[in-house]
Amino acid sequence: MTRSEELFARAVKRIPGGVNSPVRAYGAIGETPRFIQGAVGSKIFDVDGNSYTDYIGSWGPMILGHNHPAIREAVIKASENGLSFGCATAKEVEMAEFICERIPHVEMIRMVNSGTEAVMSALRAARGFTGRDKIIKFAGCYHGHTDAMLVSAGSGVMTSGVPDSAGVPKGCTQDTMIAVYNDLGSVEELLEESRGRVAAVIVEPVGANMGVVPPADGFLEGLRRLCDKHGAVLIFDEVITGFRLKFDGAAGFYGVTPDLVTYGKIIGAGMPVGAYGGRKEIMEKISPAGPVYQAGTLSGNPIAMAAGLAQLQILFEDPEIYTRLYQKGEMMFEGIRRIFVENNIPYQVNSVASLGCIFFTEEKVTDYASAKTSDTDAFAAYFKYMLNHGVHLAPSQFEAMFLSDAHTEEDIEAALKLIKEYFYA
Ligand SMILES: *Cc1c(COP(=O)(O)O)cnc(C)c1O
């Protein structure tokens, strides 16, 4: 028995499924999760002394690579003053200013502790602002685990084979309407059907929780136009894309301006941070400035702010990082495409900048229905091969590969070589 196996055997007795978040379980691919001891740069080490090149990056936050010295230093320094005060601190102001001064569509911002909370609060703000109840989301987009958003929610929910969660009362999802990703007609239909009652349209501007599904040309622009026409708030859930595609996220990358944006993952550099922000007239509705209640004992925590701000400063001050990430994405995903073309492998490779994935299907993947045509058993076999050869991928067909600035050309070449061997054999 490996140490990971031993720990997992103990974990399942005391933690449901042995993990504190379902995506960490390897159930879908019939493996035991590797328990992690530490990580540095592009490498991650398990408790059995194995080392892997990591393409999960804590699901996105580690865009600069693991255990970045400047971020670690910022955390150590901040912790010397105490871990939490439950009072206002200078770092929170610096964080808010740093973001608002660099991202024009974020006029005001509120810190929370996770992406889930960010989305939940942004939806409440949109409802409070418009005085309307209905929300439109897209099948296959994940927006955290609040009741109202656990409908056709992608990745974790998808892989476990449970379309919707148990324990969610009908009342909580009755105002959630589901549109088809990349299908503006489906959105227009819902907006017409519920004319004057839709508070918000929420979207992952790049779908990244049903595998990677880029927005079709004109899709995001179309959402902007439809929201304007119907007086609905357009929310970009940038929990994955924010500070990743560019500093100003998918909004900047595609040149489409949302009314509200949600952040998570990168914004905390590995600490539990989320945030939502946007137009001042909406954000001013938030308590105590306005009537929309939202609070958090640990929100804006000084250690978390120190970590997040240190990472954002590095990302903003060295724009070459985004150029490099883009090039690494091209190298990896174009590399896989080339291998597939050369060997007549009919599978799909979708990518945007440093995010991408292989879909084990012959069908072009543009939405949830096409993503679901993937052969998950074929994915599982591929995953196992990669894991056993030192490449740490997300254990699900419906997750992205996350590249970081710490991945080297050698890392990517090694991964491509393995992929070639696997598909050629
Ligand atoms: C991860 C994720 C969330 C939820 O964030 P948590 O910090 O896990 O609560 C919400 N939206 C998107 C797009 C995500 O990828």
Side-chain angles (χ1 to χ4, degrees), residues 19-25 55-63 110-124 126 135 137-160 165 176 181 200-215 220 223 234-245 249-251 253-254 258 260-277 294 296 298-301 304 307-308 311 352-357 368 371 394-396 398-402:
V19 289
N20 281 313
S21 189
V23 291
R24 292 177 206 163
Y55 290 99
I56 303 179
S58 192
W59 305 92
M62 313 325 269
I63 190 168
R110 171 63 69 80
M111 292 294 145
V112 292
N113 306 287
S114 66
T116 295
E117 261 188 83
V119 168
M120 174 185 84
S121 311
L123 292 175
R124 190 179 301 145
I135 304 288
K137 82 175 278 291
F138 293 88
C141 284
Y142 179 64
H143 300 294
H145 64 95
T146 54
D147 289 341
M149 289 291 103
L150 278 182
V151 192
S152 298
S155 58
V157 189
M158 204 160 154
T159 303
S160 64
S165 172
T176 308
Y181 201 83
V201 175
I202 182 163
V203 67
E204 282 184 76
V206 173
N209 284 285
M210 48 176 156
V212 174
V213 179
L220 299 175
L223 293 181
L234 178 59
I235 306 174
F236 278 5
D237 181 348
E238 297 233 38
V239 169
I240 284 184
T241 52
F243 311 106
R244 174 168 288 276
L245 300 190
F253 192 81
Y254 291 106
L260 290 179
V261 58
T262 56
Y263 294 123
K265 300 187 172 119
I266 290 176
I267 198 174
M271 296 294 284
V273 182
Y276 64 107
Q294 187 271 305
L298 297 176
S299 293
N301 171 273
Q311 173 146 282
V352 174
S354 58
L355 290 170
C357 78
Y368 189 49
S396 162
F398 306 107
E399 302 285 357
M401 257 176 113
F402 296 89

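First listed ligand is number 1; within each ligand, the first listed atom is number 1. Side-chain atoms are counted along with the backbone in the values below, which use heavy atoms only and exclude waters and symmetry mates. Note that this is a predicted model, so its numbers are computed, not measured.
- In terms of protein heavy atoms, atom 11 (N) of ligand 1 is closest to D237 OD2, 2.7 Å.
- A distance of 6.5 Å separates CD of E204 from CE of M210, quoted to the nearest 0.5 Å.
- Contact of the F243 side chain with the I63 side chain is not registered, since no non-hydrogen atoms from C-beta on lie closer than 4.5 Å.
- Residues V203 and F236 form a side-chain contact, since some pair of their non-hydrogen atoms from C-beta on lies under 4.5 Å apart.
- Interface of I240 with ligand 1, defined as ligand atoms under 4.0 Å from a residue heavy atom, comprises 15 (O).
- Residue contact check: S114 has heavy atoms under 4.0 Å from atoms 7 (O), 9 (O) of ligand 1.
- Between E399 and S396, the side chains place no donor N or O within less than 3.5 Å of an acceptor N or O (distance only, hydrogens not considered).
- Looking only at heavy atoms of the protein, atom 6 (P) of ligand 1 is closest to G115 N, 3.4 Å.
- Here the side chains of M149 and L123 are in contact, with some heavy-atom distance below 4.5 Å.
- Nearest to atom 3 (C) of ligand 1 by heavy atom, out of T146, I267, V239, is V239.
- Here the heavy atom of the protein found nearest to atom 9 (O) of ligand 1 is T116 OG1, 2.5 Å.
- Of the N and O atoms on the side chains of R110 and S121, not one donor lies less than 3.5 Å from an acceptor on the other residue.
- Geometrically, ligand 1 and N209 share a nitrogen or oxygen pair separated by less than 3.5 Å.
- In terms of N/O distances under 3.5 Å, ligand 1 is not approached by E117.
- What sits closest to atom 15 (O) of ligand 1 on the protein, heavy atoms only, is K265 NZ, 2.6 Å.
- Residues N113 and S299 are in side-chain contact: their nearest non-hydrogen atoms beyond the backbone lie under 4.5 Å apart.
- Within ligand 1, counting atoms from 1 as listed, the ones closer than 4.0 Å to a heavy atom of H143 are 10 (C), 11 (N).
- Residue contact check: E204 has heavy atoms under 4.0 Å from atoms 13 (C) of ligand 1.
- Between Y276 and Y263, a ring centre-to-centre spacing not shorter than 6.0 Å is recorded.
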